[in-house]
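Since the structure comes first, as C-alpha cells, the remarks are kept for the end.
Residues take their numbers from the sequence shown, with the count starting at 1. Note: hydrogens, waters and symmetry copies are ignored here, and every other heavy atom, side chains too, is used.
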Amino acid sequence: MGCNRNAAASPYFWKGVPVNKTYETGLPSWEPGAPSYLALQDGHDRQFSYLRLSITDVCNFSCNYCLPDGYQCESKTTPISLSEIKQVVTIFAKKGINKVRITGGEPSVRKDLVEIIRTVKNIPGIKTVAMTTNGYKLGEYIGDWLDAGLNALNVSIDSLDPAVFHMITGHNRLKEIMAGLDKALELGIKTLKVNAVLLKSYNFNEFERFLDWIKDTPISLRFIELMETSDNREYFHANHVSGEDIQKRLEASGWLQRIRSKNAGPAKEYQHPDYQGSIGLIMPYSKDFCTTCNRLRISSLGKLHLCLFGEGGLDLRPFFSEGQEALLNDVVDKGLQTKPETHYLQSNNTGTTRHLAMLGG
Ligand code: SAM
C-alpha cells in the first residue's frame, strides 16, 4: 500500500505498578501452576467477556460514511503480529474473555488471516471466534475460515441494490458478496449476520426490501444506527436515521423484541413468526446503550480501547514480550477502572475516533 511502516520502539513503564504482585482471582485457573487473574470488571459494575480485536487498519473499501477517500496510510506502525495476538488474547482469556471478534479495517486483507483465526481459536478459554468483514474475499475463503475454527461471521451489506451498494462502498461487488453468503450457508456456518447501516439519502428506502429478503433467508440482519465520527460530521447530520424510528417501524410490522440476558450486549433482538431471519437493532444513541456494554477493543497497533469513542487507547504493546505478563495484566486492570460510564455520543462527543476503520466498530 506504499506505507512506510517503522515500528515504534520506545520502552515504557507503568508507574507505581508492582511487577511481582500476587493476583487474586474470581476465575478458575485452568492451567496447573498458571497465575490467576482478576476478572474484567469496571467501576460501573460491567463485566467483559468479549474482545474486539482489530488486526489491521487497512480497508480496501471506501464506504462514504467511514472512509470516503479510501484508506490513507494513517498509521506508520506495523500491525500486531500473530505472536503478539496470541500473547494478548491469552492474557485476556485468562481474565474471562471467551469471545473474540476479529475486525479491522478489513481483516481479510491480511495474508495470515487463516492462521490468526486458528491461533485465537486454540487459546484455552476462547469459545467463540467471530469476524466482521466487507465480504470481498468471502466466496473464495469462507471454507478456509471455517476450517480454521471461525464460529460466527458478520458481513457488512448496506444495500441490496447493486448500484446503491456501489455508490456507498465504492465497489461493484454486491453479486459476488451475496454468492459468498450463500456459500457460507451451504457450508453450514452456524451464526451468520449481515450488518446494514441505515442512511437517509441512500438506503433507508430499502427498509422493506431488507425485511423481505430475510423472510426466507436464515440470517440475522443487524440494523446499525449511523454514528458520528470526527471525519463524517456533515454526512452524519444529513444521513442519520434515529434508532427509535427504526424500532417503531419494526414493532408496527409485528416484530417482537426478545428478552436477552444482562450480559448479552447492547443489541436489541427482534423476531417475527413469518420470517426465517431475525433482526438485531444497534441503537448507540439510546438512553441505556452503554449500561449493557460487554466488550473491550484492541486496535491493530496493540492499544486497549475502553470505548469506541474514548481517547487514544492504552498502549499494551510494550508489555508484549516474554516475562511481562504480570505487568500487562496489571495495566489492563488499572486501565479498566478508568472506563467511562457512557460514550457521550449524544453530546456529539466522538473522542479521538476519526472513523470506525481505526478500531473496527
Ligand atoms: N471492514 C469490515 C466491514 O466492512 O465490516 C470491518 C470493519 S467496519 C469499520 C465494521 C462495521 O462498522 C461495518 O458494519 C460498518 O458498516 C460499521 N461502521 C463503520 N462506520 C460506521 C459509522 N460511522 N456508524 C455506524 N456503523 C459504522
Side-chain angles (χ1 to χ4, degrees), residues 25-27 30 37-42 44 46-57 79-105 107 110 113 115-133 145 148-154 191 193 195 262-267 282 290 292-310 312-317 319-320 325 328-340 343 353 356-361:
T25 182
L27 299 170
W30 34 257
Y37 293 92
L38 284 171
L40 293 160
Q41 179 159 343
D42 72 2
H44 305 284
R46 293 174 295 201
Q47 286 184 352
F48 302 90
S49 54
Y50 176 17
L51 184 68
R52 291 195 171 197
L53 177 71
S54 172
I55 59 170
T56 177
D57 61 355
I80 42 177
S81 65
L82 183 61
S83 69
E84 288 176 316
I85 289 171
K86 185 171 180 189
Q87 204 164 7
V88 74
V89 176
T90 301
I91 291 277
F92 276 85
K94 288 181 186 179
K95 294 175 74 58
I97 290 290
N98 55 40
K99 173 176 175 182
V100 175
R101 175 172 301 279
I102 296 169
T103 180
R110 263 188 80 151
L113 174 59
E115 214 32 58
I116 291 172
I117 295 171
R118 195 187 324 278
T119 300
V120 173
K121 186 61 188 284
N122 285 331
I123 290 171
I126 299 301
K127 295 195 187 112
T128 306
V129 178
M131 184 164 79
T132 304
T133 174
W145 299 340
L150 188 76
N151 304 102
L153 189 66
N154 284 35
T191 307
K193 297 179 182 172
N195 292 356
K262 182 176 173 278
N263 295 324
I282 320 289
C290 298
T292 48
C293 182
N294 63 350
R295 60 209 56 195
L296 296 172
R297 295 176 168 84
I298 291 185
S299 75
S300 59
L301 304 181
K303 291 187 178 178
L304 173 65
H305 289 257
L306 300 163
C307 177
L308 191 48
F309 295 96
L314 186 59
D315 194 2
L316 301 183
R317 218 165 188 182
F319 310 105
F320 282 175
E325 191 175 311
L328 175 55
N329 179 57
D330 237 347
V331 168
V332 171
D333 285 344
K334 280 202 161 181
L336 197 54
Q337 296 318 306
T338 67
K339 182 171 163 69
H343 49 42
T353 306
L356 297 198
M358 284 168 65
L359 266 184

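- Lys127 places no side-chain N or O within 3.5 Å of a backbone atom of Asn98 that could act as its donor or acceptor partner.
- Here CE of Met131 is found 10.0 Å from CG of Asn154. Values are rounded to the nearest 0.5 Å.
- Taking both residues in full, the closest heavy atoms of Ser54 and Gly105 are given as OG-N, 4.4 Å, listed atom of the first, atom of the second, then distance.
- Side chains of Asp57 and Met358 form no contact here, defined as non-hydrogen atoms less than 4.5 Å apart.
- Of the possible polar contacts, none joining the Arg295 side chain to the Leu51 backbone as a donor-acceptor pair under 3.5 Å is found.
- The shortest distance between side-chain heavy atoms of Ile85 and Phe320 does not fall below 4.5 Å.
- A heavy-atom distance below 4.5 Å is found between the side chains of Lys339 and Cys293.
- The side-chain hydrogen bond (donor to acceptor under 3.5 Å, both in side chains) check on Ser49 picks up nothing, with sequence neighbours excluded.
- Side-chain atoms of Thr353 come within 3.5 Å of backbone N or O of Leu308 as a donor-acceptor pair.
- Other residues, nucleotides and ligands place no more than 12 heavy atoms under 6.0 Å from the NZ atom of Lys86.
- The CG atom of Asn122 sits 10.5 Å away from atom OG1 of Thr90, with the distance rounded to the nearest 0.5 Å.
- Contact between Thr338 and Leu306 at its shortest, heavy atoms only, is OG1-CD1, 3.4 Å.
- With a 4.5 Å cut-off on side-chain heavy atoms, Gln337 and Asp333 do not count as touching.
- One distance of note links CZ of Phe92 with CG of Leu316; it measures 5.5 Å at 0.5 Å rounding.
- Side chains of Val129 and Ile102 form a contact here, defined as non-hydrogen atoms less than 4.5 Å apart.
- Between Pro107 and Leu113 the shortest heavy-atom distance is O-CD2, 3.9 Å.
- Remark: the backbone N or O of Phe319 is not paired with any side-chain donor or acceptor of Glu325 at under 3.5 angstrom.
- Ile80 contributes atom CD1, which lies 7.0 Å from atom OG of Ser300 (distance to the nearest 0.5 angstrom).
- In this structure, Asn294 CG and Leu40 CG are separated by 11.5 Å, a value rounded to the nearest 0.5 Å.
- Taking both residues in full, the closest heavy atoms of Arg46 and Cys290 are given as NH1-O, 2.9 Å, listed atom of the first, atom of the second, then distance.
- Listed for the Asp42 side chain is no donor-acceptor partner under 3.5 Å among the backbone atoms of Leu336.
- Using modelled atom types, no side-chain atom of Arg297 and backbone atom of Leu359 make a donor-acceptor pair closer than 3.5 Å.
- Residues Gly149 and Lys121 share a closest heavy-atom pair of O-NZ, 3.2 Å.
- Between Lys95 and Asn329, the shortest heavy-atom distance links the atoms NZ-OD1, 2.9 Å.
- Taken to the nearest 0.5 Å, the CG atom of Asp315 stands 8.5 Å off from the CG atom of Leu301.
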